[in-house]
Number of protein chains: 2
Amino acid sequence: MAEATRPARSQPATLSDVARLAGVSIATASKALNGRSQVRAETRQRVIEAAERLAFRPNQVAQSLLAGRTGTVGPLTSDLEGRFSIPILMGAEDAFGAGEVAVFLCDARGDAIREQHHVRALLGRRVDGLIVVGSRTDPRPSLGRELPVPVVYAYAPSEDPEDLSIVPDSVGAGRLAVDHLLACGRTRIAHITGDPGYAAAQERAEGARAALAGAGLTLVGEPGFGAWSEGWGRAATAMLLDRHPDVDAVLCGSDQIARGVMDMLRERGRRVPEDVAVMGFDNWRVLTSASRPPLTSVDMNLEQVGRAAAHALFTAIAGTRRSGVETLPCRVVIRGSTVPLT
Amino acid sequence: MAEATRPARSQPATLSDVARLAGVSIATASKALNGRSQVRAETRQRVIEAAERLAFRPNQVAQSLLAGRTGTVGPLTSDLEGRFSIPILMGAEDAFGAGEVAVFLCDARGDAIREQHHVRALLGRRVDGLIVVGSRTDPRPSLGRELPVPVVYAYAPSEDPEDLSIVPDSVGAGRLAVDHLLACGRTRIAHITGDPGYAAAQERAEGARAALAGAGLTLVGEPGFGAWSEGWGRAATAMLLDRHPDVDAVLCGSDQIARGVMDMLRERGRRVPEDVAVMGFDNWRVLTSASRPPLTSVDMNLEQVGRAAAHALFTAIAGTRRSGVETLPCRVVIRGSTVPLT
DNA sequence: AAAGAAACCGAAAAGGCTTTCAGAGACGCT
DNA sequence: AGCGTCTCTGAAAGCCTTTTCGGTTTCTTT
């Protein structure tokens, strides 16, 4: 734990340092390094060598000031703890990273005041655009139309239809899930899901019902709304088995619920997937692959949502703006809880 | 999905706009807004009103250029997916957020090339400092001593002792865990943990052994190194019960392992915590609170690690640099798997 | 009333870069 | 030799803000 005050570090080289070393003006140095054509090859070479000797990196702060664009983007997330924001941010970072756009990190902790504060801070830094990442798919208040930069909402759509929102297709996801169970030959399908106050819960249930109706079937019992927890999965399963012992598949609102469901099924002597198939939602690796058997789950393709949001923001910055809510399809990841391992 | 090209948004107001509206010079406007004293109260008021009318926000890009500091910090993480980086980043964001420092988001995906690329990008943006966040506690190569800004390593220490690293105290954590089990009256304690290639696994085992030795005891059997998975927890527990049926506590290397252990214990008819106490590591909520009974676990205080790293970086930027590896204590979070619920 | 002090204001420079535009030099042609 | 044409190069402006410092106004004091 040595402690010392070292001398200030050497300042990074500037363009004028390079120019001096190469014996040219800064204008020429700039042109040489940026591939402008009005420089003799030999001069350009001299400048490039000088730049390398000095480890010159153009000061992007100065470039930004001049260009009026900073090449930065502010993603506002309302919860970093939650596992939904991260994949979206990674997708966005991915999409931007390729284009040399830097991404700020802002966690509003679900607090509107903090969010406002972050928006201000980001605008002060002259970000070129904002991505607002929600923690649930319910619509959220718009940041407003009067912002000086484009905004894209991801996962949680904006309440204002003039804004552009990119969300996963929850209704379609419910449909996909049921389609898979039907394809597995199941016909007595129950649905145990989370908090009915979540749009995602309602929409998935809606999609599931629609798909069943399409096959001339209905859900076994009512959708079991409750909490997004293992405990609820266990409790709901116990009740379900009492009332509908003939159930042959349970579609769960989350992987956590699914784990609880599988737990209780095993406790009651049902085999998964032979007697009852179980499906989860979210495709959260830790849970899906650790369970016995591994859990079939619907993946919301969140990284794609992030990438799509980044892409939309890009085009909006370039001038072409879209609006409305755009949905992206989910996908079923099949594991041993619906299909016996061969 | 309406599509349209709206007119370019109005540019944000600049200081000279404000000055013009207030009928003063740019210099006076600046002084008025920044609370400098050489402005008549009445004039200041006029300027402030003008600034408000125009929704003026000083352009931080220009401020940065002038000040030579950007007020930004680059945290390089090697895996955002992993659950260890996030709390550290949140802690850092927290510590900086208060001081108006913006944090960039960089995920190197564990790739050294990507990391180099990100370092360059961050330096180009003239960040004032870097925080390197690792995904495991094993030492990692230094970024080098010749960087123009201070660097702090968090979670994964740098191999270069001249660098400053902030890490959780793994040895101490092992000791704390055993101390808790001893305090619960357990004496026949086994240790089932993860990949022996991880420094964290070795160090925790070392701490556990030391604490036992201090009480005149030894581990039941050898430490069970294996994988950081539920599956390994189950398998290792089965073997453990065969060889040492009298075990009365299992210290696990992670919460996932602990879940597997508890699963197998239940399957073999042991009650937790009455017959066998179980402890996990990492205090990962999803796992600890969802299990039956809730899992006692060691929390590495990662947010504190992040905050400490941010703080160290702050002081380093201000000129006072430290070096070496500094450890932060962990803490035991007691739940029902070691202490019967009252 | 005049001088001195204090309060207030604005011109200008700085920070690092890009770009425009004018000027300088080289070359080919008549 | 003189002219026009290219090809290169560099001075300077501009991006937006802060700060210094000289200048102007106002107030106090004798």
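Bear in mind the structure is a predicted one, so any value in this text is a computation, not a measurement. Convention: sequence-line order gives letters A, B, ...; per-chain numbering from 1.
- Rounded to a whole Å, the CG atom of B:Asn59 is 18 Å from the P atom of C:dG15.
- The aromatic rings of A:Phe104 and B:Phe104 sit parallel to each other, their planes meeting at less than 30°, with 60° as the upper class boundary.
- Separating the CZ atom of B:Arg44 from the C1' atom of C:dC8 is a distance of 11 Å, rounded to the nearest angstrom.
- Between A:Arg57 atom CZ and C:dG16 atom C1' the separation is 16 Å, expressed in whole Å.
- Atom CD of B:Gln45 and atom C1' of C:dC8 are 17 Å apart (whole Å).
- For the atom pair CG of A:Leu143 and CG of A:Asp160, the computed distance is 10.5 Å after rounding to the nearest 0.5 Å.
- We find that CD of A:Glu42 is positioned 13 Å from C1' of D:dT9, with the value rounded to whole Å.
- Proximity of B:Arg36 to the phosphate of D:dT19: a side-chain N or O atom is located under 4.0 Å from OP1 or OP2.
- The phosphate of C:dC17 (OP1 or OP2) has no side-chain N or O of A:Gln60 nearer than 4.0 angstrom.
- A salt bridge does not link A:Asp163 to A:Arg140: none of the charged nitrogens lies less than 4.0 Å from a carboxylate oxygen.
- B:Asn301 contributes a side-chain N or O that, together with a main-chain N or O of B:Pro329, makes up a donor-acceptor pair within less than 3.5 Å.
- Between B:Ser30 and the phosphate of D:dT19, there is no side-chain N or O to OP1/OP2 separation shorter than 4.0 Å.
- In this structure, B:Arg125 atom CZ and C:dC17 atom P are separated by 15 Å, rounded to whole Å.
- Of the candidates C:dT18, C:dG15, D:dC21, C:dT18 carries the atom nearest the A:Leu15 side chain, counting heavy atoms from C-beta on.
- A straight line from CZ of A:Arg20 to C1' of C:dG16 spans 13 Å, rounded to a whole angstrom.
- The side chain of B:Arg40 contributes an N or O atom lying less than 4.0 Å from OP1 or OP2 of C:dC9.
- Under 4.0 angstrom from either OP1 or OP2 of D:dT9 there lies at least one side-chain N or O belonging to A:Thr43.
- Using a 4.0 Å cut-off, some side-chain N or O of B:Asn34 falls inside it from OP1 or OP2 of D:dT18.
- Taking the side chain as every heavy atom from C-beta outward, A:Asp107 and B:Met90 approach each other to under 4.5 Å.
- One finds a side-chain N or O of B:Thr28 lying less than 4.0 angstrom from the OP1 or OP2 phosphate oxygen of C:dG10.
- Between B:Tyr155 and B:Phe84, the ring planes are parallel. Angles under 30° get that label, and only those over 60° would be called perpendicular.
- Looking at B:Asn59 and A:Leu65, their side chains come closer than 4.5 Å, going by heavy atoms from C-beta outward.
- Rounded to 10 degrees, the angle separating the terminal axes of the helix from C:dA1-D:dT30 to C:dT30-D:dA1 is 60°, with each axis obtained from five end pairs.
- Using a cutoff of 4.0 Å between basic side-chain nitrogens and carboxylate oxygens, B:Arg109 and B:Asp111 are not scored as salt-bridged.
- When each of C:dC9, C:dT19, D:dT17 is scored by its nearest atom to the side-chain atoms of B:Pro58, the top-ranked nucleotide is D:dT17.
- Residue-level contact check: A:Val61 touches neither bases nor backbone, having no heavy atom under 4.0 Å from any strand.
- Nearest to the side-chain atoms of A:Ala62 among the listed nucleotides D:dT17, D:dC21, C:dG16 stands C:dG16.
- The nearest heavy atom of DNA chain C to B:Arg126 and to B:Leu66 marks one nucleotide each, and the one closer to the 5' end goes with B:Leu66.
- The nearest heavy atom of DNA chain D to A:Ser37 and to B:Gln38 marks one nucleotide each, and the one closer to the 5' end goes with A:Ser37.
- For A:Gln63 and C:dT18, the shortest distance from a side-chain N or O to OP1 or OP2 is below 4.0 Å.
- Each of B:Ile26 and B:Leu65 lies near DNA chain D, and the nucleotide nearest B:Leu65 is the one positioned closer to the 5' end.
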